[in-house]
Amino acid sequence: MGNFSSSRVVPERIAGRHSGSAWRSAAAVQPSAHLATGPQQEQRTFYEFRTYSIRPDQNSAFLKLTNEKIHLRTAHSQLIGYWTVEYGGLNKVFHIWQYDSYSQRAAVRAALAQDPSWISEYISKALPLLTAQDNEVLYLVPWSRLKSPPQQGGVFELVTFQMRPGGPAVWGGAFQAAMSAHDAPGYGKLLGAFHSEFGLLNRVHALWWFESADHRAECRHRAHTDARVVAAVRNSVAHLDSQRNQLMFPCPFSPMK
């Protein structure tokens, strides 16, 4: 879901006049048409979503090491949350990092590369335990703000929507209505909605909180009987290519839990 904008001049076609001067004259009187797929990104703050796949026989070892050494990483930049994936993917961890600018992230990566404690005590030991790493850069959608859970001890659901090409000008309103139809009546607590800047475009992630996995199942059942939710979802899925859900538990060291 990138924010793309362009301007172009469409000269009026003048019968019998195809010379360069005629086109320049037409262009001079035509206003520029600004074409954009949605609201321009005004916030510099962005979020990096990271997903690590762990060797199945090393899952416990990786989590133990990370629990003991995560302070070496958080000394450099802000960790929003760190979760293990319980349903929707096995032997995976998902974490969110916040940056104020791309230059800040570059400086953080450079500092980590020169941090002997980070290299010797964590990264050199953690990498052999992983089978894959993936990252995305995202911004909060204009109408969303990052929120804290109402209480600790719940579960989190990350819902990923791969929307059809066209951007928020095409599907943004329907997507917002579908999210609000769930959030406003209390069928879940929406903590943030994010759109992709780097990674697959036209991708939106919604981070939800529930008291428990059973509470999530109960809310989902009630939402299916709500005509307002059904109508909003029906309008939104017309723009949807695919959807993926992951239920996650926060790690003990996760700031968001």
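All values derive from a computational prediction rather than experimental measurement.
- Contact between Ser53 and Lys92 at its shortest, heavy atoms only, is OG-NZ, 2.9 Å.
- Thr225 contributes a side-chain N or O that, together with a main-chain N or O of Arg222, makes up a donor-acceptor pair within less than 3.5 Å.
- Relative orientation of the His95 and Trp97 rings is perpendicular, given thresholds of 30° and 60° on the angle between their planes.
- Gln243 and Asn245 form a side-chain donor-acceptor contact under 3.5 Å, judged by distance and modelled atom types alone.
- Ring centers of Phe161 and His239: at least 6.0 Å apart, outside the cut-off.
- Asn135 and Glu48 form a side-chain donor-acceptor contact under 3.5 Å, judged by distance and modelled atom types alone.
- Proximity of His195 to Pro168: side-chain heavy atoms (C-beta onward) are nowhere separated by under 4.5 Å.
- Within a 6.0 Å sphere centred on OH of Tyr102, heavy atoms belonging to other residues, nucleotides or ligands number more than 12.
- Taking CZ of Arg216 as the start and CH2 of Trp209 as the end, the distance is 14.5 Å to the nearest 0.5 Å.
- Contact of the Met248 side chain with the Phe94 side chain is registered, since non-hydrogen atoms from C-beta on lie closer than 4.5 Å.
- Taken to the nearest 0.5 Å, the OG1 atom of Thr51 stands 7.5 Å off from the CG atom of Leu158.
- With a 4.5 Å cut-off on side-chain heavy atoms, Pro56 and Leu90 do not count as touching.
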Working for side chain to side chain contact (heavy atoms under 4.5 Å, CB included), residues Met256 and Leu146: CA-CA 11 Å; Met256 184 179 286; Leu146 187 63; 4.2 Å; yes
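- None of Val93, Val155, Leu207 except one satisfies the side chain to side chain contact (heavy atoms under 4.5 Å, CB included) rule with Trp83; the exception is Leu207.
- In this structure, Leu240 and Phe175 have side chains that are not in contact, with every pair of non-hydrogen atoms separated by 4.5 Å or more.
- Between Lys64 and Glu68 there is a salt bridge, since at least one side-chain N of the basic residue sits less than 4.0 Å from a carboxylate O of the acidic one.
- The side-chain heavy atoms of Phe156 and Leu191, taken from C-beta on, include a pair separated by under 4.5 Å.
- From Tyr47, atom OH reaches atom CD1 of Ile96 across 9.0 Å, with rounding to the nearest 0.5 Å.
- In the hydrophobic clustering of ILVMFWY residues, with side-chain heavy atoms under 4.5 Å counting as a link, Trp171 and Val230 come out apart.
- Judged by distance alone, the side chain of Ser144 and the main-chain N or O of Leu140 form no donor-acceptor pair under 3.5 Å.
- The OH atom of Tyr99 lies 6.0 Å from the CZ atom of Arg109; values are rounded to the nearest 0.5 Å.
- Between Glu136 and Phe194, the closest side-chain pair of non-hydrogen atoms is not below 4.5 Å.
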Stepwise side chain to side chain donor-acceptor pair (under 3.5 Å) check, Thr66 with Tyr122: CA-CA 8 Å; Thr66 304; Tyr122 182 75; 2.9 Å; yes
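- At least one donor-acceptor pair closer than 3.5 Å links the side chain of Gln162 to the backbone N or O of Leu201.
- With contacts defined as side-chain heavy-atom distances shorter than 4.5 Å, the pair Arg73/Asp115 does not qualify.
- In this structure, Arg164 places its CZ atom where more than 12 heavy-atom neighbours from other residues, nucleotides or ligands lie under 6.0 Å away.
- Looking at every heavy atom in both residues, Leu63 comes nearest to Cys251 through CD2-SG, 4.4 Å.
- Of all heavy-atom pairs between Trp208 and Val159, the closest is CD1-CG2, 3.9 Å.
- Across every non-hydrogen atom of Arg203 and His205, the tightest pair is CD-NE2, 3.4 Å.
- Annotation for Ala177 and Ala232: closest pair O-CB, 3.9 Å, computed over non-hydrogen atoms.
- Here the CH2-OG distance, from Trp118 to Ser124, works out to 10.0 Å after rounding to the nearest 0.5 Å.
- The minimum heavy-atom distance linking Ala174 with Asn235 is given by the pair CB-O, 4.0 Å.
- Between the OG1 atom of Thr45 and the OH atom of Tyr139 there is a distance of 9.0 Å, given to the nearest 0.5 Å.
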